[in-house]
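Quick notes on the structure that follows.
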Amino acid sequence: MPQTAEILIPLALDTAYSYAVPAGLSLAEGDVVQVPLGPRETVGVVWGLAESASGSNLRPVTGRIDVPPLSEPLRRLVDWLARYTLAPKGSALAMALRLPDEAAARESLRVGVRATGSPPARATAARTKVMAVAADGGLRGKTALAKEAGVSLSVVDGLIDDGALETVALEPEPVALPPDPDHPRVPLSEAQEEAARALLPPEGDPGATLLEGVTGSGKTEVYFEGVAACVRAGRQALILMPEIALTAQFLDRFAARFGVRPAAWHSGIGGKRRERIRAGVASGEIAVVVGARSALFLPFPRLGLIVVDEEHESAYKQEDGVHYHARDMAVVRGKLEGCPVVLASATPSIETRVNAQKGRYRHVVLPERFGGRRLPDIRAVDMRLDKPERGRFLAPPMVDAVKHNLAAGEQSLLFLNRRGYAPLTLCRACGHRYQCRNCSTWLVEHRFRRALVCHQCGYAERKPEACVECGAFDHLTPCGPGVERIAEEVAELFPEQRIVVLSSDFPGGAERLRAELQTVAEGGCDIVIGTQLVAKGHNFPHLTLVGVLDADIGLTTGDPRAAERTFQLLQQVTGRAGRGERPGRALVQTYQPDHPVIAALLSGDAERFYDEEIAAREAAGLPPFGRLAALIVSANEREAAEAHGQALARVAEPPPGVMVLGPAEAPLALIRGRWRFRLLAKTERGIDLQAYLRDWLARGPKVRGNVKVAIDVDPQSFL
DNA sequence: AGCACGCCGACT
DNA sequence: GTCGGCGTGCTC
């Protein structure tokens, strides 16, 4: 009896295609095969097999490819992910199928594109946009570049042919040795021992556990014990981290516990090395992988534990291509593999907190700091009472605190979550405000780069000499502070001190930034001025004072998660203060000391924050968690106004169960030439959100021409 | 992802 | 006229 194979192809296709299985070829579900597709040959995965009547006119499968098949759980994960995120199944498959195809092995799997310096022979509007984005000389993926410039891929391809852009491969590193679970280690505290025991789930009852512990409580050591137990049992472990936290520092910590560094997996790993890790994972040789979110799709045959470190981090959200939340998919994969999942954080996300409260996740708490370290003493500087001098941004108590700390020979950190020199530039002569031409945001002055930059889309222009509106000279006024401006003020206040400014746009790139972080960690700097970069992933063992310069930033962004995000960020950054057994101090400049977020931070009562926030969301009729679906209305400039109107009409009548955070409360913005709205959809009543919204869109008023409306799911907790 | 097809403005 | 650039739709 002839067979038909349903083959899923890793392209943006939502259904598997049917092929005939030639006589003599024996296939199983999960096998990786080669199939004809249009004029060419492609890889695909057997998603289903069926007996078929003879005489079909299907094209035949070309053959089986000799790589490990996709396991049943991994295939189910792909199905789940595609369904949950509204992505085509093929796109979801693509993430699990980074194949060792010959081309990739010979060259490199990941190809970056960058500007060559020679201008395109013919400069069109679309081409100019692309070249403007590529002008910084940075490496980007083809699609990423096209998207960022707001043009289609063929423009980028055209520029490569033209010689204005070039493709570059990325280099490999060595692979991992087996970790030793019984490597000699520092003994754990009693609380840690107890937590480590609690992490091991009862036999036959995996599920997820929230491991919550304040900064410095030793969460890592605790889940390392879970990893050790997993390795001893001959199974594999995966530790997921936000990309930024995947540092040499962490890998060394792992090495201190297990004798060797783990296999590291992140977007920078390409070519042969990527394939060697994949193969090592598939064969079971690699026991532990530490990786960024894409490691979730590695073909582990014997997965025994998944750890999601810093589970609240928004970096777990994939924002391009298939939108997924790696933390949630980790829980799904754990369920499908029958293995436990540990979610670790000092400041868990609301949804994980709620899941723990409702008993969906177990909850293990590490109540205190390890080794007798105490939490920092946090105080507010009420900016209504203690005003900085005119044109200054450090309040007198803050200046005093830094002064005292310096006198004691200690290191201080001033935290301001704003890059650049000033967040707004205006002309004093005519009042013109510099705004991004693609987005509805102000341009931020970057004095070092002598440019005005859009923090939304990356658009940049040279800072003009005269006002572009009225032509007046010397009337451009910076409004408000960014870290560069704080650095200026601090340098005037403390001219003798060693000052460093740390932000993601650090001049000189990632390499120099890493060196600078090292210097700070070794104490070779007196005052650090930094953006949120300093709150995440890096330890500063010499820090004893943290000054938060504007704690209120981010409280009024209209984002439903504003309070949560701000609390997490401030908790993390103030938690950096403290050195050895000496408790640190934190001073927080705020205009709203009574705001629930600030009050909870000051009292050190995280419990209270979570309770209040969950209650506040309930009172507002919002679910404590849910998926945010952004309704993206893409339109070119000409049609933007019409699209705007149509989209407004549409969101005015949402289907029942879908709550629209309308223009007043939620981001309604022109971003990269696309109007963007957000819908907050309740998910707890068991409605099929995807089908629901799809149906709603299908029935809504038709939009014409170039205007396109799509749902773009921002995945949150899946339960 | 590739590739063909068709539309549209530029040009020997 | 046609040619190159660019968006769109199709591939079992």
Side-chain angles (χ1 to χ4, degrees), chain A residues 2-22 25 27 31-50 52-63 82 87-99 101-104 107-113 119-131 140-147 149-165 167 320-322 634-639 643 672-674 703-710:
Chain A
Q3 257 189 328
T4 302
E6 297 300 313
I7 309 292
L8 188 60
I9 296 162
L11 299 177
L13 299 167
D14 203 30
T15 50
Y17 284 171
S18 309
Y19 289 86
V21 180
L25 181 65
L27 290 179
D31 280 353
V32 181
V33 293
Q34 195 177 18
V35 290
L37 183 70
R40 61 189 190 281
E41 293 280 325
T42 331
V43 291
V45 175
V46 179
W47 225 248
L49 284 166
S52 58
S54 49
S56 77
N57 52 357
L58 294 174
R59 298 177 78 176
V61 173
T62 311
K89 265 190 189 176
S91 306
L93 174 66
M95 298 195 295
L97 250 204
R98 298 284 148 85
L99 275 181
D101 70 277
E102 273 82 320
E107 297 169 35
S108 164
L109 200 79
R110 268 177 47 89
V111 195
V113 186
R122 217 180 299 266
T124 63
R127 287 183 165 195
T128 312
K129 271 192 266 177
V130 174
M131 294 315 289
R140 287 179 182 76
K142 275 206 281 187
T143 338
L145 179 58
K147 203 174 175 190
V151 300
S152 84
L153 245 168
S154 45
V155 183
V156 176
D157 284 331
L159 284 165
I160 293 170
D161 290 344
D162 227 38
L165 293 177
T167 52
D320 45 45
V322 180
S634 29
N636 58 24
E637 236 166 300
R638 198 155 16 106
E639 283 140 343
R672 282 171 225 154
R674 277 133 179 53
V703 283
R704 289 187 295 109
N706 240 340
V707 181
K708 216 187 227 177
V709 182

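Heavy atoms only: backbone and side chains are in, while hydrogens, waters and symmetry mates are out. A, B, ... follow the sequence lines: proteins, then strands. Residue 1 opens every chain.
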Main-chain N/O of Thr62(A) paired to Tyr19(A) side chain as donor or acceptor, under 3.5 Å
no

Heavy-atom check, side chain of Leu37(A) versus side chain of Leu11(A), under 4.5 Å
yes

Quick one: is dC6(C) close enough that its OP1 or OP2 comes under 4.0 Å of any side-chain N or O from Arg127(A)?
yes

What's Ser18(A) touching, base or sugar-phosphate or nothing? Going by heavy atoms closer than 4.0 Å.
base

Looking across every strand, which nucleic acid part, if any, lies under 4.0 Å from Ala126(A) by heavy atom: base, sugar-phosphate, or nothing?
sugar-phosphate

Grab the CG-P distance between Asp157(A) and dT8(C) for me, whole Å please.
16 Å

For Asp161(A) and dG4(C), give me the distance from atom CG to atom P, rounded to whole Å.
12 Å

Apply the test side-chain contact (heavy atoms from CB on, under 4.5 Å) to residues Leu145(A) and Leu165(A): give CA-CA distance (whole Å), side-chain angles for both, the deciding distance (0.1 Å), then the verdict.
CA-CA 11 Å; Leu145(A) 179 58; Leu165(A) 293 177; 3.8 Å; yes

Rounded distance in Å - CD (Glu6(A)) to C1' (dC12(C)):
9 Å

Can you name the atoms? Protein N/O to nucleotides 1-10 of chain B N/O, anything below 3.5 Å, with the distance.
unit_1	atom_1	unit_2	atom_2	d
dA1(B)	N3	Arg40(A)	NH2	2.9

List the steps, then state whether side-chain contact (heavy atoms from CB on, under 4.5 Å) holds for Asp31(A) with Val45(A).
CA-CA 6 Å; Asp31(A) 280 353; Val45(A) 175; over 6 Å; no

Nucleotide nearest Leu58(A) when distance is taken to its side chain, options dG7(C), dG5(C), dC12(C):
dC12(C)

Please report, to 0.1 Å, the donor-acceptor pairs under 3.5 Å made by any side chain of residues 151-162 of chain A, with sequence neighbours excluded.
unit_1	atom_1	unit_2	atom_2	d
Ser152(A)	OG	Ser154(A)	N	3.4
Ser152(A)	OG	Ser154(A)	OG	3.0
Asp157(A)	OD1	Lys142(A)	NZ	3.0
Asp162(A)	OD2	Ala121(A)	N	2.9
Asp162(A)	OD2	Arg127(A)	NH1	3.3

From CE of Met131(A) over to P of dG5(C), roughly how many Å is that when rounded to an integer?
15 Å

Asp14(A) atom CG is separated from dC12(C) atom P, nearest whole Å, by 17 Å

Between CD1 of Ile9(A) and OG1 of Thr42(A), what distance do you get to the nearest 0.5 Å?
5.5 Å

